[in-house]
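Note that the structure is predicted; figures quoted are calculated from it, not measured.
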Amino acid sequence: MNTQAQRNLAAGRPAQLRLLPGEAFRVPRRPGELLALEGRVWLTRHGDTQDHLLEAGQSFRLAGGDDVVVEPWAHGEAATLAWQPLPGQ
């Protein structure tokens, strides 16, 4: 993932993330929405009894403070996500 995307995420700005095969990323603990743009994404949220699979076009809302890790679902596949912060939460 590129450093500009990481800076945007850390600052609470919209970002597009490209996750390479085998790359995991911890999402900043901010309220927002993740949208799978390409590929499939495995999403794990601390305290959630189930993991989640996002396919292209599907989204997942995060509350502020959620501890979430995302990574491409299948070995050898990359994935692209969009992050949109939710204002006022």
Side-chain angles (χ1 to χ4, degrees):
M1 180 176 28
N2 71 45
T3 55
Q4 183 61 46
Q6 289 175 317
R7 284 193 294 268
N8 284 347
L9 279 164
R13 294 187 298 260
Q16 186 168 315
L17 316 167
R18 178 75 174 162
L19 298 173
L20 299 176
E23 180 180 19
F25 178 72
R26 184 175 303 278
V27 179
R29 294 181 178 198
R30 298 180 177 274
E33 185 171 36
L34 286 170
L35 171 64
L37 299 175
E38 181 180 278
R40 295 177 295 170
V41 178
W42 182 10
L43 185 148
T44 302
R45 180 170 51 182
H46 181 76
D48 200 336
T49 59
Q50 298 181 22
D51 288 344
H52 303 273
L53 172 63
L54 300 181
E55 298 200 29
Q58 294 181 317
S59 63
F60 194 89
R61 280 194 173 221
L62 304 175
D66 280 352
D67 185 11
V68 172
V69 175
V70 292
E71 59 188 288
W73 174 257
H75 181 72
E77 288 184 11
T80 304
L81 294 166
W83 165 258
Q84 182 64 46
L86 297 176
Q89 292 190 21

Legend entry - Atom pair CZ (Arg30) and CG (Asp66), whose distance is rounded to the nearest 0.5 Å: 13.5 Å
Inset, instruction - Report the relative orientation of the aromatic rings in His52 and Phe60; use parallel for angles under 30°, tilted for 30 to 60°, perpendicular for over 60°. - result: tilted
Inset, instruction - Could you check if a side-chain atom of Pro85 sits within less than 4.5 angstrom of a side-chain atom of Pro14, using non-hydrogen atoms only? - result: yes
Inset, instruction - To the nearest 0.5 angstrom, please state how far the CG atom of Asp67 sits from the CG atom of Asp48. - result: 11.5 Å
Inset, instruction - State, to 0.1 Å, how close Glu71 and Glu23 come at their nearest heavy-atom pair, and which atoms those are. - result: CB-O, 3.4 Å
Inset, instruction - Rounded to the nearest 0.5 Å, what's the gap from NE2 on His46 to CZ on Arg29? Could you check? - result: 8.0 Å
Legend entry - Value rounded to 0.5 Å, distance of CG in Leu86 from CZ in Arg61: 5.0 Å
Inset, instruction - Could you state whether Trp83 and Phe25 fall into the same hydrophobic cluster, counting links through intermediate Ile, Leu, Val, Met, Phe, Trp or Tyr residues with side-chain heavy atoms under 4.5 angstrom apart? - result: yes
Inset, instruction - Supply the atom-to-atom distance Leu81 CG to Leu19 CG, rounded to the nearest 0.5 angstrom. - result: 5.5 Å
Legend entry - 4.5 Å side-chain heavy-atom contact, Arg40 and Leu53: yes
Legend entry - Heavy-atom closest pair, residues Leu54 and Ser59: CD2-O, 3.9 Å
Legend entry - Short N-O contact, Glu38 and Arg18, less than 4.0 angstrom: yes
Inset, instruction - Please name the pair of heavy atoms, one in Ala79 and one in Pro72, separated by the smallest distance, quoted to 0.1 Å. - result: N-CG, 4.2 Å
